[in-house]
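Encoded as structure tokens, the structure appears first; notes follow it.
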Amino acid sequence: MNYSVLFQIIGVNLILVIASLLMAAVAGIWLYNKGAQHLVSLAAGALLAMALLRLLPEAQEGLVEQGLSHNSLFVFLLIGLVGFFLLEKLSLFRHNHHHEHDGHDHHHGFDKEEAGRGGWMILVGSGVHNFADGLLIAAAFLTDVRLGWLTAVSIGLHEIMHKLSDFSVLLNAGFTRVRALAYTLACGLMAVLGGVLGFYVLSGFESFVPYVLVVSASSFLYIAVADLIPQINAHKGLRAGLTQAAMLLCGVALVWLLSPAHQHSHSHEMEQHEREEPHALMWSRSVL
């Protein structure tokens with residue numbers, strides 16, 4: 001086993017937990033001047049780009065190598081999207097990032113009412129969600145180290161708002177600041193457990209990695225389309241729209257520039273060329 005990859009998986013998950021909590025505190029200040037939607041736009045762009053430009057192509061390649069058709073990717077993608085829809089209905093995949101005074105059209109005390117009915121369920125859902133994030137990061141690292149770091153960055157952008165949501169809703173549910181922070185941190189550390197478990201399980205069953213990548217892509221797409229983009233569209237006005245579009249494109253550009261598609265395809269073309277080269281040499285010798 002490549003334990004250097006394991007150490008990177010553990011390290012990046014710890015960094016995500018700490019950094020997202022710190023950045024959530026900064027984002028909390030933004031909420032009062034209505035600037036947090038810019039971070040939401042950036043996260044939406046990064047998640048869409050990671051799903052469509054990186055994770056799904058990697059997953060498709062792995063599925064084809066296992067002898068499955070190209071169409072099988074879309075079948076598993078559809079299953080993933082429907083699965084996350086059902087999980088959200090069961091409150092195990094909660095991504096509502098509404099806060100008091102955030103500009104959304106809810107009556108005063110909306111979050112307190114929501115949190116009061118299920119503060120502990122929010123913690124359960126958050127723990128499951130973070131565990132899954134760790135598992136997905138492990139799968140990405142086992143595919144390619146650069147893909148792992150890009151996946152972590154994309155998840156991190158969204159996790160800032162996720163941590164802020166958990167913390168603020170727990171406060172509204174009656175938790176003290178210390179308890180809310182402690183429980184949010186504990187839920188975040190579930191990502192480390194998911195990463196370690198994912199490393200050991202997927203290292204022994206590499207054929208499962210493409211399926212985990214499809215699940216990762218479907219979760220990114222679901223979060224971006226079903227949760228983040230509706231929040232972006234809630235803010236009206238030409239100036240706000242242009243700013244949000246620019247930030248979304250910045251999120252796409254972040255993934256594109258750090259991992260150009262042409263480099264990925266070029267590397268596979270080189271591998272294909274190396275596999276075919278011995279056959280070409282044998283043919284040329286037989287001709288001569």
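Computation of the quantities below employed the complete heavy-atom set of this structure, encompassing side-chain atoms and omitting hydrogens, waters and symmetry-equivalent molecules. Everything numeric here is computed off the predicted structure, so don't read it as measured data.
- Proximity of a side-chain donor or acceptor of Asp133 to a complementary backbone N or O of Ala191 within less than 3.5 Å is not detected.
- When all heavy atoms of Leu73 and Ala59 are compared, the pair lying nearest together is CD1-CB, 4.1 Å.
- Follow the hydrophobic side-chain contacts under 4.5 Å out from Tyr183 and you never reach Val178; the two are in separate clusters.
- Remark: Phe220 engages no residue in a ring-ring contact (aromatic ring centres under 6.0 Å, His included) (not counting sequence neighbours).
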### Task
Begin with the C-alpha distance, continue with both residues' side-chain angles, and end with the deciding distance and a verdict on side chain to side chain contact (heavy atoms under 4.5 Å, CB included) for Glu206 and Leu142.
CA-CA 8 Å; Glu206 294 182 357; Leu142 290 173; over 6 Å; no
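- If you take CZ on Arg239 and CD on Gln244, they are separated by 12.0 Å, rounding to the nearest 0.5 Å.
- Between Val5 and Phe141, the shortest heavy-atom distance links the atoms CG1-CB, 3.9 Å.
- Taken from CZ in Phe131 to CG in Leu136, the straight-line distance is 10.5 Å, to the nearest 0.5 Å.
- Checked against side-chain contact (heavy atoms from CB on, under 4.5 Å), Ala138 has the following partners two or more places apart in sequence or in another chain: Ile9.
- Put simply, the side chain of Glu61 does not reach to within 4.5 Å of the side chain of Leu213, judged on heavy atoms.
- Heavy atoms only, all atoms of each residue included: Ser207 and Pro210 are closest at O-CD, 3.3 Å.
- Under the 4.5 Å side-chain heavy-atom criterion for Ile, Leu, Val, Met, Phe, Trp and Tyr, Leu77 and Ile79 are members of the same hydrophobic cluster.
- Using a 4.5 Å heavy-atom threshold, the side chains of Leu181 and Leu185 count as separate.
- The cluster map of Ile, Leu, Val, Met, Phe, Trp and Tyr, joined by side-chain heavy atoms under 4.5 Å apart, puts Val209 and Val75 in the same cluster.
- How far CG of Leu150 is from CG of Leu55: 9.0 Å, rounded to the nearest 0.5 Å.
- Between Ala44 and Leu248, the closest heavy-atom pair is CB-CD1, 4.3 Å.
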### Task
Check step by step if side chain to side chain contact (heavy atoms under 4.5 Å, CB included) holds for Leu135 and Val215.
CA-CA 10 Å; Leu135 182 65; Val215 172; over 6 Å; no
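- Residues Phe74 and Leu78 fail the side-chain proximity criterion, which asks for heavy atoms closer than 4.5 Å.
- The aromatic rings of Tyr211 and Phe76 sit perpendicular, their planes meeting at an angle over 60°, well past the 30° parallel limit.
- No continuous path of ILVMFWY side-chain contacts below 4.5 Å connects Val252 to Leu242, so the two sit in separate hydrophobic clusters.
- Across every non-hydrogen atom of Ala49 and Val255, the tightest pair is CB-CB, 3.8 Å.
- The aromatic rings of Phe205 and Phe208 lie parallel to each other, with less than 30° between the two planes, well short of the 60° mark.
- Here the closest non-hydrogen pair linking Met50 and Ser154 is CG-OG, 2.6 Å.
- More than 12 non-hydrogen atoms from other residues, nucleotides or ligands lie less than 6.0 angstrom from CD of Gln66.
- Between the CG atom of Leu42 and the CG atom of Leu249 there is a distance of 10.5 Å, given to the nearest 0.5 Å.
- A 4.5 Å side-chain heavy-atom check between Leu16 and Ile137 finds at least one atom pair inside the cut-off.
- To the nearest 0.5 Å, the span separating CG on Asn13 from CD on Gln8 amounts to 12.0 Å.
- Distance check: Leu221 CG to Phe84 CZ gives 10.0 Å after rounding to the nearest 0.5 Å.
- Of the possible donor and acceptor atoms, none in the side chain of Ser203 sits under 3.5 Å from a partner among the backbone N and O of Tyr200.
- In the hydrophobic cluster analysis, where Ile, Leu, Val, Met, Phe, Trp and Tyr join through side-chain heavy atoms closer than 4.5 angstrom, Phe7 is grouped together with Leu202.
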